[in-house]
Structures are given as structure tokens and as C-alpha cells.
Amino acid sequence: MPELPEVEVIRRGLAPVLVGRSFIAVTTGPARLRRQSSAVEFRRWVIRRRLQELDRRGKYLLFRLEGGATLLVHLGMTGRLLLQKKPGKPPAHVHLTFRLDDGSRLLYQDVRRFGQVLVFPPGERPPPLDKVGLEPFSPGLTPDLLRQRTRKRKKPLKSFLLDGSAVAGIGNIYACEILHAARLSPTCPVERLSVEDWARLLRETRRILRAAIRAGGTTVADFLNSRGETGLFQFDLAVYARAGQPCRRCGNPVSRLSQAGRSTYFCAQCQG
DNA sequence: AACGAATCCTGTGCGC
DNA sequence: TGCGCACAGGATTCGT
């Protein structure tokens, strides 16, 4: 479900409430996530540890705990982190419940169970982070670097954006929107892009991600922030899930094709 | 090495 | 109304 903007919206919602608090109990549900630490590991490294910082890398959330352990959360497709101020009837598909020292609860809910919740002891770098590319807002990410990294590579531009090894945090929705905004074809092999093309792509990437964060993320089906609220950026989407409807720039009907098993929405006129 | 495809899950919405 | 099928925002693993 959530891409970089949605994860960042969750981070910004949780950080002011959670930082400085400590976890006092953890409960695990009957069904396991794709990747999930054991209850014993959670108790050992998370319980009675104060939360010092809440960071984000790509689509990963990193809870930095007192003593140096890290709790890593990836929301997969349908994961949610929900904050319950007062104990109430928990919603369905809650797989983890963290109780806090002020009586509130942090729930991890995930219908499809594609998510990950893993704890890493102090000093251990979480392996999933090794494959995460540069942050889109990092000053080190430049058009020249992108041009260098894509020499003699024939991967279609859309797949390149999705795989996250160069630029982190972009998923299917924002890949489609960014390519449309930059007027670049999703099928174009990356080796054919000029430095000017990469500069435009990078500019539009930053503009769209920033706007989506400001709008509280995109809710197409499942996304809710930590307070259970939807985002608003779905009303600003130019192409995603709009096959057959007129392109907002030129009026041509939006096309749809399948790339690497995912739907790509684009305007054949604007993105030729 | 660098691609694409299949895979892990459940829920929803469509056509018949 | 019910059934089967396609599809859904991600990351990993496997085959070519």
C-alpha cells in the first residue's frame, strides 16, 4: 500500500506522540507476517526501552530504541500503524499490539500480511536496508549520477523507478505520476535518457513526493494515517487508475499496460 | 549481470 | 444471489 509519502505521513504523525515514551508490553496475533521477529525477541529488545527517534529510509520505518536496538517496520501492501489512545475493541487483522507507558497502544494491522516487523539488537545493521537506494531528497542524488548508473542498461524506465535500488521509496502510483509529469515514456530503456531527461525526472520526483506528503498521502483503497484518516492526493492523480479517461494535460485517453506484472498508466500523447 | 516472472496473502469488484 | 476470475499501492526469490 504505502509508498514514501504515506510512510512519511505516518512517521510525522507518530513521532511527536511516541518519541520519549517506552513500550511496556507486546502481544502477537495468531497469524505471522511474511517476516516477523518472535515474541521473545520483542520482549528482549523492545520492552522497557524508551523510543529515542523515529526515522524513515525508503518505505521502512525505523524505531530507534534506548540501548541501541532498532525496530524495523515495513507496511507491505496493506499494513497500517494505528494509535489507540484508550483501549477499545481492536479492528480485524491486527498482528501486533505494543502497549505504551501512557496507556495508549500502537497496533500493526495488515490484511494481506506482506509486511515486516523485525527487531535488530544494538550494533546490528538491518540487512533489508542494504538494498535501499538513495533518498529522493538527498543532495547526493544528481542527474549525472543517474546517467552514470544507467549506462548500457536496458531496463524500462518505469521498472527502474520501481525497483528502488537507485532511488528509494517510489512505488507504482508515484512512478506513473512522476513519469507523466516529466513527459517520459515508461517503456523507454534507461540508457537512452539524457542528463537533461534525468534532471527533469528528478525535479518532478521531488515536486510530486513533496505535494503528496503535504496532502497527507494517497488513499486509493487502504491507506490510513496513524489517526485512521485518509489522504487527499488521490484527487491530484493525473494518470494512475484513470485508463480511458482524458489526460489532464492534453485530453487524450489515458493508456494502461502491464510491466513486470504491474499496471502502468500513462498518456501515449504526452509521454511519447 | 541484468532482466522478467512467480510468489507470499486476503479482499473487492466485475462479468456471467 | 452466487461463482469464478482478475486485480490490488511491495519485496524477495527463482529462472532465463
Side-chain angles (χ1 to χ4, degrees), chain A residues 1-10 29-36 56-61 72-81 91-95 108-118 126-133 136 149-180 186-192 205 208-209 212-213 215-225 230-244 256-266:
Chain A
M1 138 169 80
E3 308 181 28
L4 183 148
E6 289 73 35
V7 177
E8 180 62 18
V9 165
I10 290 174
R32 285 179 66 81
L33 303 173
R34 200 147 145 71
R35 306 180 75 190
Q36 177 180 323
R56 179 190 57 71
R57 269 293 280 129
K59 300 172 192 167
Y60 291 94
L61 277 174
L72 174 144
V73 175
H74 191 292
L75 300 167
M77 297 261 230
T78 53
R80 291 172 178 164
L81 279 172
H93 305 295
V94 168
H95 300 105
Y108 181 86
Q109 182 195 38
D110 193 344
V111 169
R112 288 175 72 182
R113 284 190 277 135
F114 280 14
Q116 308 177 36
V117 182
L118 297 166
L129 297 185
D130 291 343
K131 291 162 199 154
V132 180
R149 289 236 193 144
T150 52
R151 285 246 150 84
K152 294 185 182 159
R153 292 192 54 189
K154 312 208 180 312
K155 184 174 263 216
L157 179 54
K158 161 83 178 325
S159 309
F160 176 79
L161 281 182
L162 270 189
D163 87 9
S165 57
V167 187
I170 297 172
N172 208 31
I173 294 180
Y174 296 109
C176 294
E177 295 298 313
I178 289 163
L179 292 179
H180 178 262
T187 56
C188 181
V190 284
E191 65 178 0
R192 294 227 297 261
T205 298
I208 286 180
L209 295 182
I213 293 169
T218 302
T219 301
V220 171
D222 299 311
F223 172 67
L224 297 178
N225 67 23
T230 68
L232 292 172
F233 197 70
Q234 63 275 18
F235 300 115
D236 291 328
L237 297 178
V239 286
Y240 183 79
R242 294 190 66 241
R256 180 191 154 171
L257 65 86
S258 188
Q259 287 180 287
R262 319 291 298 280
S263 288
T264 298
Y265 300 89
F266 69 108

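Values reported hereafter were calculated over all heavy atoms of this structure, with side chains retained and with hydrogens, waters and symmetry mates removed. Here is how names work: the chains are called A, B, and so on, in the same order as the sequence lines, proteins then strands, and each is numbered from 1.
When each of A/Lys131 and A/Thr218 is assigned the nucleotide of DNA chain C bearing its nearest heavy atom, the one mapping closer to the 5' terminus is A/Thr218.
Side-chain atoms of A/Arg113 lie closest to B/dC9 of the nucleotides B/dG11, B/dC9, B/dC3. Relative to the side chain of A/Arg34, the nucleotides C/dG9, C/dG10, B/dC3 differ in distance, and C/dG10 lies closest. Nearest to the side chain of A/Lys155, among B/dT10, C/dG10, B/dG4, sits B/dG4. Minimum atom distance to the side chain of A/His93 is reached by B/dG11, of the listed B/dG11, B/dG4, C/dG10. Listed nucleotides C/dA8, C/dA11, B/dT10 differ in distance to A/Tyr240; the shortest reach to its side chain belongs to C/dA8. The listed nucleotides are B/dG11, B/dC3, C/dG9; the one nearest the side chain of A/Glu3 is C/dG9.
Atom pair A/Leu75:CG and B/dC8:P shows a separation of 22 Å (rounding to whole Å applied). Rounding to whole angstrom units, CG of residue A/Asp130 and P of C/dT12 are separated by 10 Å. In this structure, CD1 of A/Ile173 is placed 12 Å from C1' of C/dG10, rounded to the nearest angstrom. Between the C1' atom of C/dA8 and the CD atom of A/Gln234 lies a distance of 16 Å, rounded to the nearest Å. The CZ-P distance, from A/Arg80 to B/dG11, rounds to 12 Å in whole Å. Regarding A/Phe160, its CZ atom lies at a distance of 17 Å from the C1' atom of C/dA11, rounded to whole Å. Between A/Leu162 atom CG and C/dT12 atom C1' there is a gap of 15 Å when expressed in whole angstrom units. Going from atom CZ of A/Arg149 over to atom C1' of B/dA2 covers 15 Å, rounded to whole Å.
Within 4.0 Å (heavy atoms only), A/Val220 reaches at least one base atom of the nucleic acid. Contacts of A/Gly261 with the nucleic acid, taken as non-hydrogen atoms under 4.0 Å apart, are absent. In this structure, A/Pro127 reaches neither bases nor backbone, as no heavy-atom distance under 4.0 Å exists between it and the strands shown.
For the OP1/OP2 pair of C/dA11 and a distance below 4.0 Å, the side-chain nitrogens and oxygens of A/His74 include at least one atom meeting the criterion. Proximity of A/Ser263 to the phosphate of C/dA8: a side-chain N or O atom is located under 4.0 Å from OP1 or OP2. Put simply, A/Lys154 has no side-chain N or O that comes within less than 4.0 Å of OP1 or OP2 on B/dC3. Side-chain N/O atoms of A/Arg262 include none lying less than 4.0 angstrom from OP1 or OP2 on C/dA8.
Of the residues listed (A/Leu179, A/Leu157, A/Leu257), the one engaging A/Thr187 in a side-chain contact (heavy atoms from CB on, under 4.5 Å) is A/Leu257, and it is the only one.
Of the possible donor and acceptor atoms, one in the side chain of A/Glu3 sits under 3.5 Å from a partner among the backbone N and O of A/Gly171.
A/Thr264 and A/Gln259 form a side-chain donor-acceptor contact under 3.5 Å, judged by distance and modelled atom types alone. A/Ser263 and A/Arg256 form a side-chain donor-acceptor contact under 3.5 Å, judged by distance and modelled atom types alone.
At a cut-off of 3.5 angstrom, the base of B/dC9 holds at least one donor-acceptor pair with the side chain of A/Arg112.
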Quiz item: For DNA chain C, what dot-bracket results from Watson-Crick or G-U pairs at under 3.5 Å, with [ ] for crossers and | for inter-strand partners?
Solution: .|||||||.|||||||

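Distance noted for atom C1' between B/dC3 and C/dG9: 23 Å (whole Å). Going from the C1' atom of B/dG11 to that of C/dT12 covers 23 Å, rounded to whole Å. Taking atom C1' in both C/dG10 and B/dG13, the straight-line distance is 22 Å, to the nearest Å.
Classification of the A/His95-A/Tyr108 ring pair by plane angle, with boundaries at 30° and 60°, yields tilted. Classification of the A/Phe233-A/Tyr174 ring pair by plane angle, with boundaries at 30° and 60°, yields tilted.
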Exercise. Give the intermediate values and the outcome of side chain to side chain contact (heavy atoms under 4.5 Å, CB included) for residues A/Asp110 and A/Arg80.
Key: CA-CA 6 Å; A/Asp110 193 344; A/Arg80 291 172 178 164; over 6 Å; no

Self-check item: Check against salt bridge (Lys or Arg N to Asp or Glu O under 4.0 Å), A/Glu8 and A/Arg56
Solution: CA-CA 7 Å; A/Glu8 180 62 18; A/Arg56 179 190 57 71; 2.8 Å; yes

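Between A/Lys155 and A/Ser159, the shortest heavy-atom distance links the atoms CG-CB, 3.8 Å.
Stacking between A/Phe114 and C/dA11 is absent: the ring centroid is not both under 5.5 Å from the six-membered base ring centre and under 30° in plane angle.
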